Amino acid sequence: MRYLLSVLLVGLFSFQKPTPKPNILIIYADDLGYGDVSAYKKGTLPTPNIDKLANGGIRFTNGYATSATCTPSRFALLTGKYPWKTEGTKVLPGDAPLLIDTTSMTLPKMLKKAGYQTGVVGKWHLGLGNGALDWNKSITFSPNDIGFDYSYIMAATNDRVPTVFVENRKVVGLEAADPIYVNYKQNFEGEPTAITNPELMTKLKWHFGHNFSVTNGVPRIGYMKGGKSALWVDEDMADIFFGRAKAFIDNHQPSKTGKPFFLYYALHEPHVPRVPHARFVGKSGMGPRGDAILEADWCVGEIIKKLEKDGLLENTLVIFSSDNGPVLDDGYYDDAAEKLGNHTPAGGLRGGKYSLYEAGTRVPFITYWKGKIKPAVSDAMLCQLDFASSFAQLIGAESYSTDSQNLLNVMLGKSKQGRANLVLEASGRLAFREGNFVMIPPYKGSAVSKEEGIELGNSSEYQLYDLSKDLAQKNNLAKQFPQKIEEMKASMKKIAGN
Ligand code: NG6
Ligand code: CA
């Protein structure tokens with residue numbers, strides 16, 4: 001009898017064996033606008049590979065980054081915390097110390113704790129080291145100290161020095177005989193810059209900013225010296241990052257290791273400088289920005305092909321999104337505006353990168369899981385901030401962040417009940433979306449950024465828009481609905497303080 005019972009119990013338990021934890025792949029573009037993906041806004045620029053995910057998964061129309069610039073959005077994605085609650089979450093220079101506290105819980109740490117093999121490949125921009133970093137030594141305070149088993153990154157942005165890759169704790173390809181030095185305050189004696197030696201700018205010329213050291217024919221932000229053997233070639237960056245992402249999958253095959261993986265694949269496109277591989281040059285007819293987007297789309301296609309080839313697609317949750325909205329001229333002469341034609345990077349939303357208007361933070365946001373997620377378009381509101389709590393639910397871990405909401409069912413298409421509200425951020429300024437309304441408090445500063453020509457959202461008056469009727473934010477309802485403003489102010493205060 002007892003024997004029978006235990007057989008029955010064993011049978012029952014093996015029958016109820018939990019499904020294995022899926023792999024998680026986040027593909028994160030840099031400055032890709034809501035309307036830059038053709039599944040979002042059919043235009044002159046085809047993105048067939050991203051479209052495949054969008055049309056085979058859930059295409060979210062109200063998906064947000066927390067912020068209209070890179071560093072804070074990435075901070076939120078990896079920590080599950082509103083970035084503006086932590087000091088220093090602004091666009092970082094290339095020599096900034098690590099912004100994420102190594103003792104705090106993070107998304108990759110949570111996954112690692114649950115048995116995941118974790119990797120990051122691509123753009124980092126969250127600082128490295130603990131102050132006065134020596135790039136020639138092993139780097140502590142790196143992605144490897146906040147939960148990643150493997151990292152292959154560019155430290156900051158492709159327009160900031162040092163223009164080298166860092167694999168785990170080491171600058172890739174550095175030779176001891178030619179050490180590398182970085183300084184954001186002053187140049188190294190005798191070293192050329194874009195100002196003293198403009199002839200070095202063989203590939204791109206600066207329009208504003210970006211007139212410090214020149215590497216690979218491209219002027220950058222910040223000064224650097226040495227490390228010649230380690231300098232990246234911009235044209236090869238997409239292939240190198242894809243190669244490392246692919247190798248990460250090869251080296252962490254769940255069938256061999258018995259463990260799922262988490263890969264954060266952070267593309268560098270279409271951030272400036274836009275220097276795509278020759279395969280893509282001239283292919284979009286829109287100049288380097290369009291070509292860079294085609295390159296990014298190619299990367300997406302290749303990584304999905306890789307998963308498919310390895311039989312991993314049915315057991316991998318794939319997410320595609322972008323860190324902030326689009327910008328055309330971000331400091332180089334590359335004809336992005338001149339060759340735009342009918343393409344609409346913001347897809348009808350107002351503003352762009354740096355803006356408190358929708359195009360700053362509302363981005364392409366796609367979840368895809370072959371066989372598990374049914375194709376759909378969802379207008380539920382969700383934010384990259386929510387990955388932390390949603391993935392916690394996915395893997396049966398406890399959520400560790402109160403800013404991050406568990407929207408797993410929304411991400412899997414089982415619910416359309418998204419966020420009730422979300423605080424949006426652009427360069428330290430906050431706005432508040434609740435339901436279909438968005439409120440932008442008054443801010444000093446110019447209405448349009450002088451150099452990029454983007455409407456920032458600044459006004460001396462309150463702004464209130466009903467996005468269900470006025471997606472382009474043309475009609476300020478603040479005067480008409482003073483009560484609504486008061487309600488939203490009170491609601492925002494509960495989350496963001498005064
Ligand atoms: C700005 C840069 C811009 C870009 C941005 C960061 C100038 C004039 N502009 O300061 O080119 O690098 O920082 O972009 O230097 S982000 O996507 O990483 O946030
Ligand atoms: Ca960005």
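Because the structure is predicted, anything quoted here is derived from the model rather than measured. Start at 1 and go down the list; that is how both ligands and their atoms are numbered.
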Any N or O of Thr71 closer than 3.5 Å to N or O of ligand 1: no

Taking C-beta and beyond as the side chain, do [X] and [Y] meet within less than 4.5 Å on heavy atoms?
X      : Y      : value
Glu358 : Tyr64  : yes
Glu455 : Tyr357 : yes
Val172 : Tyr152 : yes

Under a 4.0 Å threshold between the charged nitrogen and the carboxylate oxygen, would [Y] count as salt-bridged to [X]?
X      : Y      : value
Asp291 : Arg274 : no
Asp145 : Arg169 : yes
Asp30  : Arg74  : yes
Lys474 : Asp470 : no
Glu302 : Lys305 : yes
Arg220 : Asp234 : yes

What part of Asp159 sits under 4.0 Å from ligand 1 if we count only heavy atoms: the side chain, the backbone, both or neither? side chain

Once you restrict to heavy atoms under 4.0 Å, what part of Arg220 touches ligand 1? Side chain, backbone, both or neither. neither

Could you identify the single nearest non-hydrogen protein atom to [atom] and state the distance to 0.1 Å?
atom                    : value
atom 8 (C) of ligand 1  : Phe208 CD1, 3.5 Å
atom 11 (O) of ligand 1 : Asp330 O, 2.8 Å
atom 5 (C) of ligand 1  : Tyr354 OH, 3.4 Å
atom 16 (S) of ligand 1 : Cys70 CB, 3.2 Å
atom 10 (O) of ligand 1 : Arg160 NH2, 3.3 Å

Can you list the ligand 1 atoms lying under 4.0 Å from a non-hydrogen atom of [X]?
X      : answer
Asn324 : 17 (O)
His125 : 18 (O)
Ile221 : 15 (O)
Thr69  : 19 (O)
Val91  : 6 (C), 13 (O), 19 (O)
Asp30  : 17 (O)
Thr157 : 18 (O)

Check if Trp206 has a non-hydrogen atom at a distance under 4.0 Å from any atom of ligand 1. no

Out of Lys353, His210, Glu451, whose heavy atom is nearest to atom 9 (N) of ligand 1? His210

Is it the case that the ring center of Tyr332 lies less than 6.0 angstrom away from the ring center of His207? no

Aromatic contact between Trp135 and Tyr181, with the criterion being ring centroids under 6.0 Å apart: yes or no? no

Gap separating the CH2 atom of Trp369 from the CD1 atom of Ile58, nearest 0.5 angstrom: 11.5 Å

For the Ca ion (ligand 2), the closest N/O/S atom belonging to [X]:
X      : result
Asp31  : OD1
Asp30  : OD1
Asp323 : OD2

Please find out if the Ca ion (ligand 2) and some N, O or S atom of Ser322 are separated by less than 3.0 Å. no

Heavy-atom pair of closest approach, residues Trp232 and Asn216: O-CB, 3.9 Å

